[in-house]
Number of protein chains: 2
Amino acid sequence: MAERVGVAMNDESVTNGGRAKARNGDSRPTLKTIAFMTGLGVTTVSRALKDAPEIGEETRRRVQLVARQVGYRPNRAGVRLRTGKTNVISLVLDTEEQIMGFVSDIIYGVSEALAPTPYHLIVTPYSRLNDPMEPIRYVVETASADGIIISRTERDDPRVRYLMERGFPFATHGRTDMGVVHPFHDFDNHAFALEAVRKLAELGRRRLALLAPPSTLAYHYHTVNGFSDGLIETGATAIPFNAVSIDGSINQIRTRTAELMRRKNRPDGIVSSAGAATLAVVGGIEDAGLSVGRDIDVVSKQSTPLLHLFRPALLVVNEDFRLAGRELARSVLGWIDGADPATLQSLSVPQGVKGVGE
Amino acid sequence: MAERVGVAMNDESVTNGGRAKARNGDSRPTLKTIAFMTGLGVTTVSRALKDAPEIGEETRRRVQLVARQVGYRPNRAGVRLRTGKTNVISLVLDTEEQIMGFVSDIIYGVSEALAPTPYHLIVTPYSRLNDPMEPIRYVVETASADGIIISRTERDDPRVRYLMERGFPFATHGRTDMGVVHPFHDFDNHAFALEAVRKLAELGRRRLALLAPPSTLAYHYHTVNGFSDGLIETGATAIPFNAVSIDGSINQIRTRTAELMRRKNRPDGIVSSAGAATLAVVGGIEDAGLSVGRDIDVVSKQSTPLLHLFRPALLVVNEDFRLAGRELARSVLGWIDGADPATLQSLSVPQGVKGVGE
DNA sequence: AGGTCTGTCTGTAACGTTACAGATAGCTTG
DNA sequence: CAAGCTATCTGTAACGTTACAGACAGACCT
């Protein structure tokens, strides 16, 4: 048996005057409810709640008090229909993405940044095997979000071009190389690869291989360039990894690594751009009868501090994806709020190569 | 320079008659656009598009053709405001969740199931350190979704109680033990633990420890019961794990395991309920100077087939979280569509304990 | 012929919000 | 004292959709 709840109201069906028309207790309060309770017009209530200038101080306080009392929350559909503002950020994710939970870290990071705002996070999936433009077009055409966060950014990314043309707010995880200014957050992969090579050189390693991101992605180039710069600086030699990237399957990476390690001129140092891939690399090394830390050293990025449990001799550089999520969210929100995109770019600098326990 | 697009329309500001009022080419088409183009009323168009019965066959086809041509997509805000239907499913996630990407797998699974529907997925984060009811209340009170997916289900879960009372559609990841019928998807953790014990017994292991889920969660009990049943069946002995669950930190689990392994009556078999935790367990075992496969065997659940790369001797049982996501989505959608909740429960059966390469 | 039914189609109102264009009252100003 | 200002507050209309209550024609009965 339901208790009688709420304030008694004259639910007159006045169609034109409208002042007294209001819902009774059961459904959630609207502006009309508060208007009725305070004896004000809905317009006044609406403005009072958003601190508009032409509202009397006392009225404002009264309205806000009542609104708090009845637990008023603006109806998103109403706002959205009227203003076109969705209060939604769309995170576009590739469902082919492999293993290891950096995706959840990004999501949590974005959520964290969105929590104190009225924005909701909606996940828009796609498969990179199909058309990567499709989800972007969908969001823009149906205006289902106020901003978009993109990952797997390419050097010349059609999604970025499309969104720039339309002036639709977005931020990319990873920089592009298109000569256009847009918000992004990126990890400094050049610095990562450079420091990795330095570390390996320091350990006396001279023949280095790089397991890079797929060449379609922007940060492939940063990584490769950092690696090259490191080779030049240290005088070490590059041993090419045979047609495989961190996007390869576990088994593929493992096999290719084993092949590589059985060659005469095998590497004595490897730089790996992803934690999960590194597990496969180590598997391949050991398949070839060799041992990490003795025959070879491996420097790997990792997003979760687990690799040392695997092989204590591994060297790691941490990449914080939760931070990335936060920064990306801050960037899109900034753009939506009208900030200059040039000020919404951030780079996360690696904190150095670490051994076990460091 | 923008091309001239779209059909020329008389944008008369007829306020009452209304038939001819329509937008010109730039913004997205609405029912009014199609009504104008076909010469029909908006109501007719609306009904024709949803295959309502009282629309003539030819009219229906004509409307649908035009709609397709102009790329009509219903305005979500309009629908939502009018009908109260949000076409949104909320996935409520704990941001304290540790490591390893099973969260992304669930998200991808849910996305997959939602893709062919008009539903969007919104991620509603919370911290289990604060009030777990808060996100649920928020979604229900603001009617910001048509259905909710809950994880970290407890045996007697207040969220389930709350939602049942209000008849709000939801599905839980994990069963409850509350005597109420509600949709869920669960992995058969009883079977997992039972099979794990059997396998260990088969290998001659007699003193078994269990690293269980935290006792707040429903599947803690399934796991513990399966483990117990296995002990009874095989006559093996339980060695209690000292106050630690898979929710513990990596270091905590590692330390506790090492302590355990240094005791006189140390276990010669361990069952672990989570892949990430298992890495720590193995770390602890080796800290104590012992070796997996020789001094002890470990059976672990894993969501991503990576553990064998870590220690080939590990035994694993796979849990498919993408499948879980799909099933959870199907369950909520089913409830929303009015299906009997009793038919929306599913259990995923472990596919057996596997060694390397199996 | 008059009535009723059926198959199609129709306009109006409403969901909750905000932009806009006033309205009112009290004050100041010339 | 009229005119103008300022500080507050107001109602109406519109965003795009669907529920509802018809309206109209033609067919079918009696």
Side-chain angles (χ1 to χ4, degrees), chain A residues 11 13-23 27-36 38-63 67 70 72-87 118 142-144, chain B residues 11 13-23 27-36 38-63 67 70 72-87 118 142-144:
Chain A
D11 196 346
S13 285
V14 182
T15 302
N16 48 350
R19 163 94 67 106
K21 180 90 176 299
R23 270 291 156 58
S27 61
R28 48 193 287 238
T30 70
L31 290 179
K32 224 183 294 191
T33 318
I34 301 176
F36 177 76
T38 55
L40 297 162
V42 297
T43 303
T44 310
V45 173
S46 173
R47 318 200 65 164
L49 286 175
K50 51 175 59 67
D51 289 318
E54 64 271 77
I55 298 295
E57 189 48 43
E58 196 213 307
T59 305
R60 183 200 322 287
R61 275 205 306 270
R62 210 153 56 86
V63 168
V70 301
Y72 171 75
R73 313 266 198 126
N75 179 310
R76 308 192 124 234
V79 175
R80 181 163 168 180
L81 182 57
R82 180 66 239 243
T83 65
K85 183 129 199 290
T86 62
N87 284 306
T142 65
S144 57
Chain B
D11 196 345
S13 284
V14 182
T15 302
N16 49 348
R19 162 95 64 108
K21 181 88 177 301
R23 269 293 157 56
S27 62
R28 49 194 286 239
T30 70
L31 289 179
K32 224 183 294 191
T33 318
I34 301 177
F36 177 76
T38 54
L40 297 162
V42 296
T43 303
T44 310
V45 173
S46 172
R47 317 200 67 164
L49 287 175
K50 50 174 62 66
D51 290 316
E54 65 270 80
I55 300 294
E57 188 48 43
E58 196 212 308
T59 305
R60 184 202 318 287
R61 276 205 306 269
R62 210 153 56 85
V63 168
V70 301
Y72 171 75
R73 312 268 198 122
N75 179 310
R76 309 191 124 234
V79 176
R80 182 163 166 179
L81 182 57
R82 179 67 241 241
T83 65
K85 184 129 198 292
T86 63
N87 284 306
T142 65
S144 57

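The model shown is predicted, which means the values in this text are computed figures rather than measured ones. Here is how names work: the chains are called A, B, and so on, in the same order as the sequence lines, proteins then strands, and each is numbered from 1.
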### Query
Excluding sequence neighbours, so at least two apart, what forms salt bridge (Lys or Arg N to Asp or Glu O under 4.0 Å) with B/Arg47?
B/Glu54
### Query
How sharply is the helix from C/dA1-D/dT30 to C/dG30-D/dC1 bent, taking the axes over five pairs at either end and rounding to 10 degrees?
60°
### Query
Thinking salt bridges, do A/Arg60 and A/Glu57 make one under a 4.0 Å N-O criterion?
yes
### Task
Quick one: label B/Lys85 by what it contacts on the DNA or RNA (base, sugar-phosphate, nothing), any heavy atom closer than 4.0 Å.
nothing
### Task
Using heavy atoms to find the nearest nucleotide of DNA chain C for B/Val42 and A/Arg76 separately, return the residue whose nucleotide is more 5′.
B/Val42
## Note on the structure
On a heavy-atom basis, the closest approach of A/Tyr72 and A/Leu49 is CE2-CD1, 3.6 Å
### Query
Which pair of heavy atoms, one from B/Ala77 and one from A/Leu81, lies closest together, and at what distance?
CB-N, 3.7 Å
For [N] and [X] - does any side-chain N or O of the residue sit under 4.0 Å from the phosphate oxygens OP1/OP2?
X       : N      : result
A/Thr43 : D/dG11 : no
B/Thr83 : D/dT18 : no
B/Lys32 : D/dT17 : no

[X] [atom1] - [N] [atom2] separation (whole Å):
X       : N      : atom1 : atom2 : value
A/Arg82 : C/dT18 : CZ    : C1'   : 5 Å
B/Leu49 : D/dG16 : CG    : P     : 16 Å
B/Ile34 : D/dT18 : CD1   : P     : 11 Å
A/Arg28 : C/dG16 : CZ    : C1'   : 9 Å
B/Leu81 : C/dT18 : CG    : P     : 12 Å

### Task
Give the nucleotide from the list D/dT17, C/dT17, D/dT18 with an atom nearest to the side chain of B/Thr30.
D/dT17
Can you tabulate the close N/O pairs, meaning under 3.5 Å, that link protein atoms to atoms of nucleotides 5-9 of chain C?
from  : atom 1 : to      : atom 2 : distance (Å)
C/dC9 : OP1    : B/Thr59 : OG1    : 2.7
C/dC9 : OP2    : B/Gly56 : N      : 2.8
C/dC9 : OP2    : B/Thr59 : OG1    : 3.0

### Query
For A/Arg73, does its backbone N or O pair with a side-chain atom of A/Arg28 as donor and acceptor, under 3.5 Å?
yes
### Gap separating the CZ atom of B/Arg62 from the CG atom of B/Leu40, nearest 0.5 angstrom
5.0 Å
